[in-house]
Student: 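Mind having a look at this structure? Questions to follow.
Lettering follows sequence order; numbering is per chain, from 1.
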Amino acid sequence: MRDVWIAAAAMTRFGRRSETLEDLMADAALEALREAGREPTALVVTAMDPEEFVGEGNFASHMGTYLGLSHVPAIRVETATSSGAAALYAGFALIASGFHNHVLVVGGEKMTHVSTPRVSEIISRVIDPHERSYGATMPALAAIVARAALAKGLITELDMAQVAVKNHANGARNPYAHFQQPVTLEEVMSSRMIADPLRLQHCCPISDGAAAVLLTSDPTGTKLAGMGQGSDYLAVRYRDSLTGFRATQDAAKAAFQMAGFGPERVQVAEIHDAFAPFEILSLEDIGLFPPGKAAKAAQNGELTLEGRLPVNPSGGLKARGHALAATGVAQVVELVWQLTGRALGRQVKASVGLAHSIGGLATNNWVTLVEQVA
Amino acid sequence: MEMVAASRCPDCGWVVAPPVRICPRHPVEMTPVEIAGYGSVLSYTTLTAVPEGFKPPLHIAVVELPGGARIFCHGKETRQLKIGRRVVIEQVDGIFYFAHLGLADRVTMFWKRRGAAPQRTTGAVKSAVKRFLSVYKNPPSGTAPPAENGTRSNEEEQNHRPAEKS
Ligand SMILES: [Zn+2]
């Protein structure tokens, strides 16, 4: 297997954007190509649901033509809300296998022009049909997980609120973030209840945005050191544990095995905090903290920009925003900027970063390790 | 006692509900079975932001039935609910409901599902009749009936099981 390197990383600001999906993806893609100074030999695109959100199909060819790349092979990859990470994995595999030398990976989503109930309905299709027929939405399933985690003492309501406060504080320093304002503990804990015990300020927003990475077989110093995928039953009710995600545990094991190092080398992490409790539970699933210890670390300030292991310096899904298929790519863009000293205003000191992406209600998850070796 | 349609894997013995064709753990066709409609609450939530076709607040619980199958169900409220609490399941028009409810509760609850008013009323009546039959004619065999509203029986205390396998 060949080593895979990152030649360029770019993204648009996340948020409520007036541009089309195509233009958001083009903005990120062209900036990555300019930075890399070369054209790709293959294109991997991802949008979770362009058919419903913007009414476009045959999306790989659609974007290939829009980007002026119809002459290179193009594929579209989709694994629900982790589609961006899945697209990176496909690009990684194309290069590691020797099939291609330079692969452009572009993820994007455009949703804010659609009404919120309609967006929720479209996103809810990632849920098991029996569970969905009872009105289960993504926040509902996340609430069921959170309720079980509260009952087991893995997290408290204060811990959940502090995730949102920390990530908004980071987002306030990130010009690419959807929300660039801090929130207070009181604001989070008194925000509108969505799905008891989850409140509005525990949940990520609906964002537009795009991100792109150019992967290459030529050493650049920034190495895609390991990638792992893990999966689980579509149905939450089939799982042995409601409070730990097997898909994350398996993804992390595979990624660390490929990289040849363990969680102890990770110095910065972008975690899929679509719902605040997921940040704490995921840190334990990945192995960055022993079971039952992540909440304590968060309380001690270890996860802040100045802490031992900064988590979600970008602001995470909560504040940077969650543009579905763009998110998994944007997490890696943030890691590249952090590892190469380009994360102005929120820079941490790190040479190994980890990105974690959850697809659906943890049915198809990914862990990606990026290492700066030069 | 209400019986819930489920399926069992001939290879690994796993039981899931509602029935599915293939075992989620193995590519093996499952066989239909029925399981008793009572169990313990694994987790629950109350939705204030609900999808189209539902009215808030919408109460959802995940209940583990005897033998380990879990189902999603609706209820009148979750305020009295606790993880580990034992509830009965009833099924009306293919929808599972948890808890032990009086007629008034039942009418409010059915009003929350999608459908025209006459259908809702029929649902509430069917539910009331079913409850009458199940409680007064078919007490669950081999197990004490679950505790009444809000009162935790000794039996419930003794049979309290952890919310989930660790
Ligand atoms: Zn089986």
Student: Parallel, tilted or perpendicular: which one describes the rings of B:Phe96 and A:Tyr134, with boundaries at 30° and 60°?
Tutor: parallel
Student: May I ask you to test the A:Arg192-B:Thr48 pair for a side-chain heavy-atom distance under 4.5 Å?
Tutor: no
Student: Considering only heavy atoms from C-beta outward, does the side chain of B:Val16 approach that of A:Tyr238 to under 4.5 Å?
Tutor: yes
Student: To the closest 0.5 Å, what do you measure between CD (A:Glu131) and CZ (B:Arg70)?
Tutor: 10.5 Å
Student: Between atom CZ of A:Arg147 and atom CG of B:Leu81, what is the distance when rounded to the nearest 0.5 Å?
Tutor: 9.0 Å
Student: Quick check: are there more than 12 heavy atoms from other residues, nucleotides or ligands sitting under 6.0 Å from CZ of A:Arg16?
Tutor: no
Student: Less than 4.5 Å to any heavy atom of chain B: does that hold for the side chain of A:Ala235, its backbone, both, or neither?
Tutor: neither
Student: With only heavy atoms counted, which part of A:Arg239 is less than 4.5 Å from chain B, the side chain, the backbone, both or neither?
Tutor: backbone
Student: Which answer fits A:Glu121, side chain, backbone, both or neither, if we ask what part of it has an atom under 4.5 Å from a heavy atom of chain B?
Tutor: neither
Student: Kindly give the heavy-atom pair with the smallest separation between B:Pro51 and A:Gly135, and that separation in Å.
Tutor: CG-O, 3.4 Å
Student: Are more than 12 heavy atoms from other residues, nucleotides or ligands located less than 6.0 Å from atom CD of A:Gln257?
Tutor: no
Student: Provide the closest heavy-atom pair for B:Phe72 versus A:Ile144 in the form atom of the first, atom of the second, distance.
Tutor: CE2-CD1, 3.9 Å
Student: Using heavy-atom distances under 4.5 Å, tell me whether B:Val20 contacts chain A through its side chain, its backbone, both, or neither.
Tutor: side chain
Student: Heavy-atom pairs under 4.5 Å with chain A: which of B:Ala61, B:Ala69, B:Ala49 has the most?
Tutor: B:Ala49
Student: Distance check, rounded to the nearest 0.5 Å: A:Ser133 atom OG versus B:His74 atom NE2?
Tutor: 7.0 Å
Student: Report the distance from atom OG of B:Ser43 to atom CZ of A:Arg237, rounding to the nearest 0.5 Å.
Tutor: 15.0 Å
Student: Please assess B:Leu47 against A:Ile194 for the test side chain to side chain contact (heavy atoms under 4.5 Å, CB included), listing each intermediate value before the final yes or no.
Tutor: CA-CA 6 Å; B:Leu47 293 192; A:Ile194 299 289; 5.9 Å; no
Student: Quick check on A:Leu141 against chain B: is it the side chain, the backbone, both or neither that has a heavy atom closer than 4.5 Å?
Tutor: side chain
Student: Is there a donor-acceptor contact under 3.5 Å linking the side chains of A:Tyr233 and B:Arg25?
Tutor: yes
Student: Using a cut-off of under 4.5 Å on heavy-atom pairs, state which of B:Val62, B:Ile71, B:Thr45, B:Ile60 scores highest against chain A.
Tutor: B:Thr45
Student: What are the two closest non-hydrogen atoms of B:Ile83 and A:Ala148, and how far apart are they?
Tutor: CD1-CA, 3.8 Å
